[in-house]
There are 2 protein chains.
Amino acid sequence: MYVTYQTNFTEFGDAHPVDLEAPPHQDAKLRTVRAGQILFTEGDPARLIFRVGSGVLRLSRVTENGRRQVVAFGYPGDVLGFPLDGLYCADCDTLTSATLSVLPALALEHPLVYPQTTAFLVDRMAREISSMQDHFMMLGRKSAQEKVAAFILALMARAGRSGVSGCAVDLPMNRTDIADFLGITTETVSRMLTSLRSAGLIKLTTPQEVRVLDVPGLSRVAHGGD
Amino acid sequence: MYVTYQTNFTEFGDAHPVDLEAPPHQDAKLRTVRAGQILFTEGDPARLIFRVGSGVLRLSRVTENGRRQVVAFGYPGDVLGFPLDGLYCADCDTLTSATLSVLPALALEHPLVYPQTTAFLVDRMAREISSMQDHFMMLGRKSAQEKVAAFILALMARAGRSGVSGCAVDLPMNRTDIADFLGITTETVSRMLTSLRSAGLIKLTTPQEVRVLDVPGLSRVAHGGD
DNA sequence: CGCTCTATTGAACCGCATCAACGAACGTGG
DNA sequence: CCACGTTCGTTGATGCGGTTCAATAGAGCG
């Protein structure tokens, strides 16, 4: 999951349609994991590619001097674990319990043997690349306020539950995860959330659940509307 | 070309080995273009994928409110133009005259028809994803000084010409391009360059050519060495 | 020569990081 | 059951890094 930049809100849900149904994978196996489990670590031999069926995953990288960047959150439909020269190039663990489809990484090297799976993975990689390009915008060209607003909107589009008083959005990740994903600090995440709350755009029912009260307003903030 | 984060300098050149020789592409066609030519624009139907043979390309995205992010610079060996749902998802133009191998985008959808090309492109996409993850580090977790230092080192590893007085690095892109790539302003790029010059780490022979005088020193700065 | 575009440098402001304190939620053990 | 420590989120005060605005210099070109 990347928080993608979009021209206007109506495009949010449609731009990167995610098939929540399982695609045709004669090669896929199912797997269930608890919260807090490590799926793979940077440098591990990459034999498996994971497709999220339910739950939320975290993909991150760490530098030798301790700085961390959360590369992506894996939501249902997302595919994680693309290898580079046969090795994983990031760490991946579960934020919630999750069900996963497990695909053979070999499909990427042998298109003739796994043509369907290869085509599917190629499509996912292309989406990944496009989403990451969007996320560059986020990291490089947005203020903290815009980042947090866009983040909530993206989560809403991916996993929001519409209700009577606005759309409810779960935050299975903690503030540090959000901060490391957006390239800001936890304190700033907190401040921006309270700022959005003061503006009447969102409501924090609990620290782990946001209710979006004013979608167009939040969208305006996210896109730098002055 | 993404400025990738590396543990130490010696890994710089080797981490993402680039084959400067042409890979086996019975499907590839050659093409030569002048500087300043637009290869494709976001939203265009993507029929071709480009592999840089010589020259430097620029891949960028623009938002409706005018903010631009340079997504990547395309150096020899790089592949640009991965489609999303059959459309290009960024703008691409040439910073210098360039020679390109042109591959059919169809190879991504029909692995059985173009198995070799598909396997090649899959490998390139995986590298792309890994490099972009590295670049997230850059955008989200580095200071301006570190960004500029890392940028020069990355260009050096990709296109540096070693000589008597340090390694010469061409900057075919202007300061605005560098700024939009690193997520800072042109003024800051300038300031950081003069700061690195004052520290004796680099020399600016012309605004378009840098000479790296102290590789370990510059590497230390790039990685946040205090 | 004058015009334009790019790069550099300076000065002032401000957004965000940093450091610090505090409260809430949760678990553990007495 | 409550005292206690721990973790996490929030809020405040302060300082700095980088932006913004502005001026100048240099290069390319009609």
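Naming: A, B, ... by sequence-line order, numbering from 1 per chain. We use all heavy atoms of the structure for the numbers below, so side chains are in, but hydrogens, waters and symmetry mates are not.
Within 4.0 Å (heavy atoms only), Glu187(A) reaches at least one base atom of the nucleic acid. Contact annotation for Leu204(B): backbone-only contact, meaning every heavy-atom pair under 4.0 Å involves sugar-phosphate atoms and none involves a base. Within the 4.0 angstrom heavy-atom criterion, only backbone atoms of the sugar-phosphate kind lie near Gln208(B); the bases stay farther away. Thr194(A) comes within contact range of the sugar-phosphate backbone alone, with a heavy-atom separation under 4.0 Å but no base atom that close.
Arg127(B) has a carboxylate O that lies under 4.0 Å from a charged side-chain N of Asp85(A), or vice versa, which qualifies the two as a salt bridge. Between Arg220(A) and Asp214(A), none of the side-chain N atoms (NZ, or NE/NH1/NH2) sits under 4.0 Å from a carboxylate O, so this pair counts as no salt bridge.
Computed from coordinates, the Lys147(B) NZ to dT19(D) C1' distance equals 12 Å when rounded to whole Å.
Here Thr188(B) reaches the OP1 or OP2 of dT19(D): one of its side-chain N or O atoms lies under 4.0 Å away.
Minimum heavy-atom separation, Ala159(B) to Tyr75(B): CB-CE2, 3.5 Å.
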Can you name the atoms? Protein N/O to nucleotides 23-29 of chain D N/O, anything below 3.5 Å, with the distance.
none

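Taking a heavy-atom distance under 4.0 Å as the criterion, the stretch of DNA chain C touched by chain B extends 5' to 3' from dA7(C) to dA11(C).
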Checking Ser54(A) against Thr99(A) for the side-chain hydrogen bond (donor to acceptor under 3.5 Å, both in side chains) test, could you report, in this order, the C-alpha distance in whole Å, the side-chain angles of both residues, the deciding distance, and whether it holds? CA-CA 5 Å; Ser54(A) 68; Thr99(A) 59; 2.8 Å; yes
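Interface remark: the Arg191(B) side chain does not form any donor-acceptor pair with the dG17(D) base, using a distance-only criterion of under 3.5 Å.
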